[in-house]
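All remarks here apply to the structure that follows.
Chain letters run A, B, ... following the sequence lines, proteins first, then strands; residues in each count from 1. All values below come from the heavy atoms of this structure, side chains included, with hydrogens, waters and symmetry mates left out.
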Number of protein chains: 2
Amino acid sequence: MKRITIKEVANLTGLSIATVSYVLNGKGNISEDTQKLVHEAVSQLGYVPNYSARSLVNRKSNLIGVVIPQAQPGSTLMFENPFYSEILSSIEYTARKNGYHIMISGTNADEKYLQLAQQRNLNGIIIIGMYNSDSYAGLEKINIPLVLVDSYVDNHHFHTIKINDRYGGYIATRYLIERGHRKIAFLSGALHESSVNMQRLEGYYDALREYDIPAEAKRILTGQINFESGMRLAEQLIDMPDVSAVFCTADILAIGVIKRLNSQERIVPERISVIGFDNLNIAHYCIPGLTTVGQDVYKKGEAAVNAVLNHINHPENAKEEISLPVSIIERESVRTVA
Amino acid sequence: MKRITIKEVANLTGLSIATVSYVLNGKGNISEDTQKLVHEAVSQLGYVPNYSARSLVNRKSNLIGVVIPQAQPGSTLMFENPFYSEILSSIEYTARKNGYHIMISGTNADEKYLQLAQQRNLNGIIIIGMYNSDSYAGLEKINIPLVLVDSYVDNHHFHTIKINDRYGGYIATRYLIERGHRKIAFLSGALHESSVNMQRLEGYYDALREYDIPAEAKRILTGQINFESGMRLAEQLIDMPDVSAVFCTADILAIGVIKRLNSQERIVPERISVIGFDNLNIAHYCIPGLTTVGQDVYKKGEAAVNAVLNHINHPENAKEEISLPVSIIERESVRTVA
DNA sequence: CTGAAAGCGCTTACAG
DNA sequence: CTGAAAGCGCTTACAG
């Protein structure tokens, strides 16, 4: 099956390939008649432009790369946490509306990905989540728009989209305190320096401080951000009968915690209260509905794509640093205590 | 920033670009010494091959396109149903291990996607789910490996990966019957001719027939495959106090049903039993744990990629038609009645 | 308003 | 064992 090229269109119309190319790209000054002629030939022949050839000369691919963390190095993507599929959904949608496609891959956000980006002539890169900071080494010497979502590696070379994580941690904790809780556990993934978890922990401390509640190191429990880890961390809670509320820095963690607690004698919210973070769809699905710190995951993805697009169109502009709002979403997993 | 090309590598080594290309591709008979020379120059220069140029001459992109249904035409992808992110995860992983990347897009699986596939020189296409059958029109005249996941449009032009949906419907229903249930509702998405839902309904009928239980049309309720629809369908159940068990053809539907039922007087499983289909992660997360018909979503994605890869390597082989097994996963959402 | 020609960065018969 | 050259399908100054 011979591929139909611009040459066949040129032959059929009796024009040159240059002219055909001009009308296809809406460039140059081509007469109405000629344009119509070309368009007719295109649809008659079923001509489809070859992006590989276009990319080669334009040095652009209309492809945006999205880097999603892996569950384990070299393993499957972290889709177990619905946060990633939710944000991917809005990234894909926003990109599609603007004529771009999404390439996903579970590579690390490191030098190797930089190679990939060059190989593929990516027009932009969106990196979601935190990677250890020397992963970013070399990434700034690339002149491809690069946006970091939820990362506090802040070297002004990249666009950043995040939320006010510290404030989120603060309002979550305050919400529990205002409902009479004093012994509040903090459950999260690893507390790396530049992680959102660390910020949320600071917010937790802020709230305790404001209400003169001493922070207890033993109530800070860390694992990974997934369901299983939530189950395991909940084990540790079982030996802390005085803890009346738990702040989990991710909904998926909170779901695991609730599941495990429920299988013990500690029903949520009757015996213990739980608040999450993210407001994923599952927070709404589960029973009891999960009270959580809501962020607009859809907007986050949209903002990431827009940052890429803006950079493409106005490379001279300063780096974007966008911080999206958070707010408490009340459901049934927290109760007021005396 | 000038891009480093094969030419620079040739200059530095004093070889021709042909020779450099040969060693890069491991073709031809090139001496050890020359090979080493080239590799040194490559790493010294930081040379990265340009896939656009490669694709242009090879007519292959190392890119596999994955088509995921949209929630609404022209809207975001159906990631609200975790089935899609779970299968995407295994598709990406399997592709990555084999040197391919994944391009996702929410286009319809129609002539337009065919154009896209040609534009992008896709090496394979994986279409997940059911589209109306004339969407596939023209898709067979493309000579790109194409695999259909969970579709009963069966014209032998495509590879197909599915499970035994009818049997799945049968064992789900039988499971309920064996536990004493007689008035069993069937909840699903639209019952299109070639949909998995229709097959699962047939299995439901099979089981009823086997046990001489009359099928009642009023107990067949259809909506869409999402959480909200599950909530809405559950409304209708409220006026059917005699129904003691519900078979939902998707876990996400079942989750919606349980949530709604729970907010009424009908607690699961005490007052009514629910069985799902898919065995998604959420089936394990929720309370009560969801008893469901388990399929291996990971294997499904893996099989889809392997079908593409096999086709690439052995285009002469017959179309693959793979059917994966299903089995009951017991949790807590079904109880035995007298 | 339109065309001839160079060039994007690679691969691959074909010669030698 | 290595190289000169054509060609993949497109875009874009530059002429006219």
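Within the 4.0 Å cut-off from OP1 or OP2 of D:dC10, not a single side-chain nitrogen or oxygen of A:S21 is found. Taking side-chain N and O atoms only, A:K27 has a distance below 4.0 Å to OP1 or OP2 of D:dT12. Phosphate contact (OP1/OP2 of C:dT12, side-chain N/O of B:N58, threshold under 4.0 Å): present. Considering only side-chain N and O atoms, A:N50 lies nowhere under 4.0 angstrom from the phosphate OP1 or OP2 of D:dC10. An OP1 or OP2 oxygen of C:dG9 is reached within less than 4.0 angstrom by no side-chain nitrogen or oxygen of B:S52. For the pair A:R59 and C:dC8, the criterion of a side-chain N or O lying under 4.0 Å from OP1 or OP2 is not met. Within the structure, every side-chain polar atom (N or O) of B:T19 is placed at least 4.0 Å from both OP1 and OP2 of D:dC1. Contact between the side-chain N/O atoms of A:S16 and the OP1/OP2 oxygens of C:dT2 is not found at any separation under 4.0 Å.
In this structure, A:N29 atom CG and C:dG3 atom C1' are separated by 16 Å, rounded to whole Å. Between the P atom of D:dC10 and the CG atom of A:L24 lies a distance of 8 Å, rounded to the nearest Å. Atom CG of B:L15 and atom P of D:dC1 are 14 Å apart (whole Å). One interatomic measurement links the two molecules: OH of A:Y51 to P of D:dC10, which rounds to 12 Å at whole-angstrom precision. One atom, CG of B:L56, and another, P of C:dC8, lie 14 Å apart when rounded to the nearest Å. Distance B:I17 CD1 to C:dT11 C1': 9 Å, rounded to the nearest Å. For the pair B:R3 CZ and C:dC8 P, the interatomic distance rounds to 13 Å; values are reported in whole Å. Regarding A:I4, its CD1 atom lies at a distance of 14 Å from the C1' atom of D:dG9, rounded to whole Å.
Partners of B:S105 according to the side chain to side chain donor-acceptor pair (under 3.5 Å) rule, which considers only residues two or more places apart in sequence or in another chain, are B:T107.
For residues 89-106 of chain B, the set of pairs meeting the salt bridge (Lys or Arg N to Asp or Glu O under 4.0 Å) definition, not counting sequence neighbours, comprises B:E92-B:R96. Residue pairs satisfying the side-chain hydrogen bond (donor to acceptor under 3.5 Å, both in side chains) criterion with at least one member in residues 300-312 of chain A, sequence neighbours excluded, are listed as follows: A:D150-A:K300, A:H159-A:H311, A:Q295-A:K300, A:N310-A:E320. Residue pairs that meet the side-chain hydrogen bond (donor to acceptor under 3.5 Å, both in side chains) test with at least one member in residues 17-35 of chain B, sequence neighbours left out, are B:S16-B:T19, B:S21-B:N25, B:S31-B:T34.
Nearest to the side chain of B:V57, among C:dT2, C:dC10, D:dC1, sits C:dC10. Of all nucleotides listed (D:dT2, C:dT2, D:dC10), D:dC10 comes nearest to the side chain of A:R54. Across D:dC10, C:dC1, C:dC10, the shortest atom-to-atom separation from the side chain of B:I6 is found for C:dC10.
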For the pair A:L63 and A:N123, evaluate side chain to side chain contact (heavy atoms under 4.5 Å, CB included) and give the outcome as yes or no after the intermediate values. CA-CA 6 Å; A:L63 221 46; A:N123 286 159; 5.9 Å; no
side-chain hydrogen bond (donor to acceptor under 3.5 Å, both in side chains) assessment of A:S55 paired with A:N121: CA-CA 7 Å; A:S55 302; A:N121 293 117; 5.6 Å; no
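When atom types are taken as modelled, the side chain of A:D296 and the backbone of A:Y298 share a donor-acceptor pair closer than 3.5 angstrom.
The environment of B:K299 atom NZ is sparse: at most 12 non-hydrogen atoms of other residues, nucleotides or ligands sit within 6.0 angstrom.
Within the cation-pi definition used here (under 6.0 Å to the ring centroid, within 45° of the axis), B:K162 qualifies as a partner of B:Y152.
Within the 4.0 angstrom heavy-atom criterion, no nucleotide atom of any strand lies near B:S55. Residue-level contact check: A:S31 touches the backbone only, with heavy atoms under 4.0 Å from sugar-phosphate atoms and none from bases.
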Can you run through DNA chain C from 5' to 3' and write each base as (, ), [, ], | or . depending on how it pairs? Watson-Crick or G-U wobble, both distances under 3.5 Å. |||.||||||||.|||
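A:S89 and A:E86 are not linked by any side-chain donor-acceptor pair at a separation below 3.5 angstrom, with hydrogens and angles left out of the test.
Looking at A:L24 and A:V38, their side chains come closer than 4.5 Å, going by heavy atoms from C-beta outward.
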Which atoms of nucleotides 13-16 of chain D (N or O only) lie under 3.5 Å from a protein N or O atom, and what are those distances?
unit_1 : atom_1 : unit_2 : atom_2 : d
D:dA13 : N7     : A:Y22  : OH     : 3.4
D:dA13 : N6     : A:Y22  : OH     : 2.5

